[in-house]
Structures are given as C-alpha cells and as structure tokens.
Trainee: 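Below is a structure I'd like to ask you about.
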Amino acid sequence: MNAAPADQIRLLDLQAFDSKLDQLAHRRRSLPEHAEIDKVNADHTALKDLVIAAQAQHGDTTRELTKAEQDVEQVRSRAARNQQRLDSGAITSPKDLENLQHEIGSLAKRQGDLEDVVLEIMERLESAQTRVTELTARLEHSTVVLTEAEGRRDAAYAEIDAEVEKVRRDREAVAAVVPADLMKVYAKLRETQGGVGAARLFQRRCEGCRTEFSITELNSIKAEPADKVVRCENCGRILVRTADSGV
C-alpha cells in the first residue's frame with residue numbers, strides 16, 4: 001500500500017488521539033468512586049435489611065406488650081369484682097367466703113406475675129426502639145454518603161466526558177483527511193494490536209513493540225519509497241517514518 005508521507009504522519013496524530021481516548025475510557029471505568037459506591041451500596045442494602053428486621057421486632061414486641069397489658073387488665077378487673085362481692089356482704093357462707101378470699105389472693109399473685117412480664121416486655125420494647133432509631137440514623141447517614149460519592153463520580157464523569165468530546169473533535173478533523181484505505185488498515189490493526197495501529201520509527205526502534213532494528217533492516221526500510229506504507233516485521237503495525245527516524 002502507498003500513501004503520501006504527510007498522511008502517514010497524520011496517523012501518528014490519529015494514534016495519539018485514539019490512545020488518549022482509550023486512556024480516558026479507562027480512567028472513567030477506574031474512578032475510585034466506583035469502588036466506594038459499590039461498598040456504600042452494599043452497606044446501605046444491609047442496613048435497610050437490618051432496619052426492616054428491627055422494625056418487625058419492634059412491631060412484634062409492641063403487640064406482645066398490648067396482649068400482656070390486656071391480660072393484666074383482665075385479672076385486675078376480675079379481682080376488683082371479687083373484692084366488691086366480698087365487701088358487699090352478700091356472701092354469708094364461710095366456705096364460699098374462704099374460696100372467694102383464696103381466689104382474690106391467687107389473682108393478686110397472678111396480677112403481680114403478669115405485671116412483671118409487662119415490665120420485662122417494656123424493657124425489650126425500649127431496646128427495640130433504640131435499635132430502630134440507631135439503625136435508621138445509620139441508614140440516613142449512609143444515604144448521604146452514597147449521594148456524595150455519586151456526586152463526585154458524576155462530576156468526574158462530566159470532566160472526563162468534556163475532555164473526550166474535545167479529543168474526538170480533534171480526531172475527526174485529522175481522520176477526515178486521511179485516505180479511506182489507509183484508515184481501514186489502521187483501524188484493523190488497532191483492533192488486533194491492543195489499540196495501537198501505527199507507531200513511529202525512532203532511533204532504530206519501533207515505538208509500537210520496542211523492537212530495535214539492525215543496520216541491515218534499517219537500510220531495507222530506507223530503500224523503500226517515501227510513499228510506501230511500511231509495516232513493522234515484528235508486530236505488523238504501520239511503521240511511520242519521520243524526520244527523526246534516521247532513514
């Protein structure tokens with residue numbers, strides 16, 4: 001393939017733009033905020049699950065307390081009714097009086113036991129509420145941290161994307177004047193050679209694969225016409241000769 005020396009040199013400008021675009025794409029993918037956001041998201045999800053579990057426990061304990069308080073009220077009401085019967089003097093049978101007094105005593109003990117249960121449940125409910133409050137606060141803080149990290153990521157995106165847009169415009173200006181057949185070869189080589197399709201020959205070395213040529217190889221390259229598109233025999237990339245190539 002032949003191409004004007006100026007068009008071959010333009011490939012170096014094109015390669016510089018493409019390499020810059022590759023670097024920017026890598027920088028965009030490798031922002032430290034990505035790892036931070038992933039971690040915060042994982043923590044945030046775990047905290048949401050903990051909050052839901054804590055709220056469920058709080059709800060269960062609240063219902064348990066309601067039931068225990070109802071049990072106490074039932075015993076208290078029954079004891080009050082029995083005490084009224086006892087105080088009314090309506091019961092005259094000694095045996096019935098003894099049974100009623102015994103039941104009042106039993107109900108008093110039962111009420112005491114149930115009130116102890118209520119106190120124990122109230123302590124657990126307070127602990128459950130404290131846990132819900134603490135976890136909710138941590139979740140809210142996690143939301144703030146996540147929002148801030150996403151904001152930093154988006155700001156970095158905007159900066160990188162602005163630079164990408166500029167580099168693309170500059171690249172398009174160069175690509176527009178490079179012959180289509182030369183562009184096709186260059187693009188194909190970029191696909192197969194790790195993003196580098198054209199490299200400069202500088203100080204006996206291919207800057208694409210860093211191969212150093214012998215004097216014989218350099219003389220062979222020097223013998224090629226200026227418009228000949230030379231390829232590196234080691235890596236196959238387009239080897240661009242410039243005024244600094246020494247050939």
Side-chain angles (χ1 to χ4, degrees), residues 18-85 100 102-169 191 194-195:
D18 285 334
S19 294
K20 182 63 175 178
L21 289 172
D22 289 342
Q23 291 167 6
L24 289 170
H26 175 74
R27 180 180 160 196
R28 200 180 197 277
R29 292 191 303 269
S30 305
L31 288 172
E33 287 77 12
H34 291 318
E36 181 181 0
I37 289 170
D38 287 344
K39 182 181 184 306
V40 175
N41 261 323
D43 293 343
H44 192 76
T45 299
L47 279 171
K48 283 197 293 187
D49 291 341
L50 289 174
V51 167
I52 291 171
Q55 289 173 335
Q57 183 179 18
H58 182 272
D60 291 343
T61 307
T62 299
R63 287 187 290 274
E64 186 180 356
L65 177 61
T66 299
K67 175 64 168 60
E69 288 175 337
Q70 289 172 346
D71 291 343
V72 170
E73 185 57 32
Q74 288 176 356
V75 171
R76 185 183 291 118
S77 297
R78 184 172 177 180
R81 288 195 302 270
N82 286 347
Q83 188 64 47
Q84 287 176 353
R85 290 177 62 198
L100 186 58
H102 181 269
E103 183 176 351
I104 289 173
S106 297
L107 287 172
K109 183 178 183 307
R110 174 63 175 160
Q111 181 178 328
D113 291 342
L114 288 174
E115 287 174 344
D116 288 343
V117 170
V118 167
L119 289 175
E120 186 271 331
I121 296 173
M122 289 178 68
E123 290 177 358
R124 286 195 283 115
L125 183 62
E126 183 179 356
S127 296
Q129 180 59 59
T130 298
R131 180 162 175 77
V132 168
T133 301
E134 291 176 349
L135 288 172
T136 300
R138 288 172 58 189
L139 183 62
E140 291 172 353
H141 176 69
S142 175
T143 300
V144 172
V145 172
L146 180 59
T147 300
E148 290 175 347
E150 289 175 339
R152 290 194 300 274
R153 178 204 60 193
D154 292 344
Y157 274 172
E159 179 183 345
I160 293 170
D161 292 346
E163 189 172 357
V164 165
E165 184 60 27
K166 180 182 182 304
V167 174
R168 281 179 177 165
R169 286 197 303 268
E191 290 179 6

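Just so it is clear, the structure is predicted and the values come from calculations on it, not from any experiment. Here, residue 1 is the first one in the sequence, and each next residue gets the next number.
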Trainee: Check this for me, if you would: do R63 and D60 make a salt bridge, where the nitrogen-to-carboxylate-oxygen distance has to be below 4.0 angstrom?
Mentor: yes

Trainee: Do the non-hydrogen side-chain atoms of E163 and Q23 ever get within less than 4.5 Å of each other?
Mentor: no

Trainee: Rounded to the nearest 0.5 Å, how far does OH of Y157 lie from CZ of R152?
Mentor: 13.5 Å

Trainee: Rounded to the nearest 0.5 Å, what separation is found between the CG atom of D49 and the CG atom of L135?
Mentor: 11.0 Å

Trainee: Quick check on H141: does its NE2 atom have over 12 non-hydrogen neighbours (other residues, nucleotides or ligands) under 6.0 Å away?
Mentor: no

Trainee: How far does CZ of R153 sit from CD1 of I37, to the nearest 0.5 angstrom?
Mentor: 4.0 Å

Trainee: May I ask you to test the V132-V51 pair for a side-chain heavy-atom distance under 4.5 Å?
Mentor: no

Trainee: Between R110 and D71, does at least one N-O distance fall below 4.0 Å, as a salt bridge requires?
Mentor: no

Trainee: Does the pair E159/R27 count as a salt bridge with the N-to-O cut at 4.0 Å?
Mentor: yes

Trainee: For a 4.5 angstrom cut-off between non-hydrogen side-chain atoms, does T147 reach T143?
Mentor: yes

Trainee: Could you grab the distance from atom CD of E103 to atom CZ of R78, nearest 0.5 Å is fine?
Mentor: 4.0 Å

Trainee: Can you find a heavy atom in the side chain of E73 that is under 4.5 Å from one in the side chain of Q70?
Mentor: no

Trainee: Is there side-chain contact between L31 and I160, with heavy atoms separated by less than 4.5 Å?
Mentor: yes

Trainee: Are Q129 and T133 close enough that a side-chain donor and a side-chain acceptor fall under 3.5 Å?
Mentor: yes

Trainee: With rounding to the nearest 0.5 angstrom, report the CD to OG1 distance, Q57 to T62.
Mentor: 10.5 Å

Trainee: Got E69 and L114 here, is their nearest side-chain heavy-atom distance under 4.5 Å?
Mentor: no

Trainee: Taking NZ, NE, NH1 and NH2 as the nitrogens, is one of them in R138 or E134 under 4.0 Å from a carboxylate oxygen of the other?
Mentor: no

